[in-house]
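Please read the structure below before turning to the comments.
We're numbering straight along the sequence, starting at 1.
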Amino acid sequence: MTDSMDSRRPRAKAADKRQRLTAAAARVLHEQGVERTTIADIARAADVPAGNVYYYFKTKDELVEAALSEHTRHLEVLTDRLDRLPDPRERLKGLVDAWVGQRDTAARYGCPTGTLAVELGKSAEGGLDLAVGHVVRRLLGWVERQFREMEVADPEGLSLTFVGAYQGMSLLSNALRDPEIMTREGARLVRGLDALT
């Protein structure tokens, strides 16, 4: 029994170290951008020796992919929690509340996924630009499902408008370093949801 427990400890430590690196990559890439971030920056933020990073991630691109998977995981945790609400309108309002709750971060660094999408969209096609698109599509799909459940006209178009409004308010909040843009525009989104019949 002790031998099997001892053999699990290194695997648990390795999984913990990989998760710390993934979370650090998501945070540091959001704060500094892909170009400015080094593997050493991520190792330092994860409190992992820089040489150990290569055991888990061979390239910086793999770290970016890990960061995108972390963004996907955060989105899934949020939407799973919101899915417990019985009403799709309340779920969408909950999403807006979550966005507005991150207003200080948005004012400083922008939307985590949106800023990566802009930066990676300038790289060669068919790589990480597609991976970031998957995260955005997940969000759009979830929002569209809420509008479909509300039985409103053009749920696909409404989801694009809704998520686009979020990206716009994040961008403006960041550009102007004004978190209250998120607050005001979030309230406008909620009023728009209330007006839908």
Below 4.5 Å, heavy atoms only, C-beta onward: do [X] and [Y] meet side chain to side chain?
X      : Y      : value
Met150 : Leu92  : yes
Glu185 : Leu172 : no
Gln19  : Glu70  : yes
Thr22  : Phe57  : yes
Asp83  : Gln146 : yes
Asp194 : Lys93  : yes

- Validation row, ring centre Trp99 to ring centre Phe162 under 6.0 Å: yes
Heavy-atom closest pair (Val135 atom, Leu75 atom, distance to 0.1 Å) is O-CD2, 3.9 Å
Exercise for review: Tell me, yes or no, whether the heavy-atom count around Arg177 atom CZ, taken from other residues, nucleotides or ligands under 6.0 Å, exceeds 12.
Suggested key: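 It does: Arg177 CZ has more than 12 such atoms within range.
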Glu76 atom CD, neighbour heavy-atom count above 12 within 6.0 Å: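 Counting neighbours around CD of Glu76, more than 12 heavy atoms of other residues, nucleotides or ligands fall under 6.0 Å, so yes.
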Any donor and acceptor pair, going by atom type alone, linking the side chain of Arg103 with main-chain N or O of Val100 inside 3.5 Å? yes
Using 0.5 Å steps for rounding, measure from the [atom1] atom of [X] to the [atom2] atom of [Y].
X      : Y      : atom1 : atom2 : result
Arg108 : Glu31  : CZ    : CD    : 8.5 Å
Asp16  : Arg20  : CG    : CZ    : 5.0 Å
His74  : Gln102 : NE2   : CD    : 9.5 Å
Leu140 : Arg145 : CG    : CZ    : 10.5 Å
Arg27  : Gln32  : CZ    : CD    : 10.0 Å

| message | Testing the 3.5 Å rule here: is there a donor-acceptor pair between the side chains of Gln167 and Ser170? | response |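 Gln167 vs Ser170: no donor-acceptor pair found between side chains.
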Q.
Between Thr72 and His134, is the side-chain contact (heavy atoms from CB on, under 4.5 Å) condition met? List the steps.
A. CA-CA 9 Å; Thr72 300; His134 291 303; over 6 Å; no
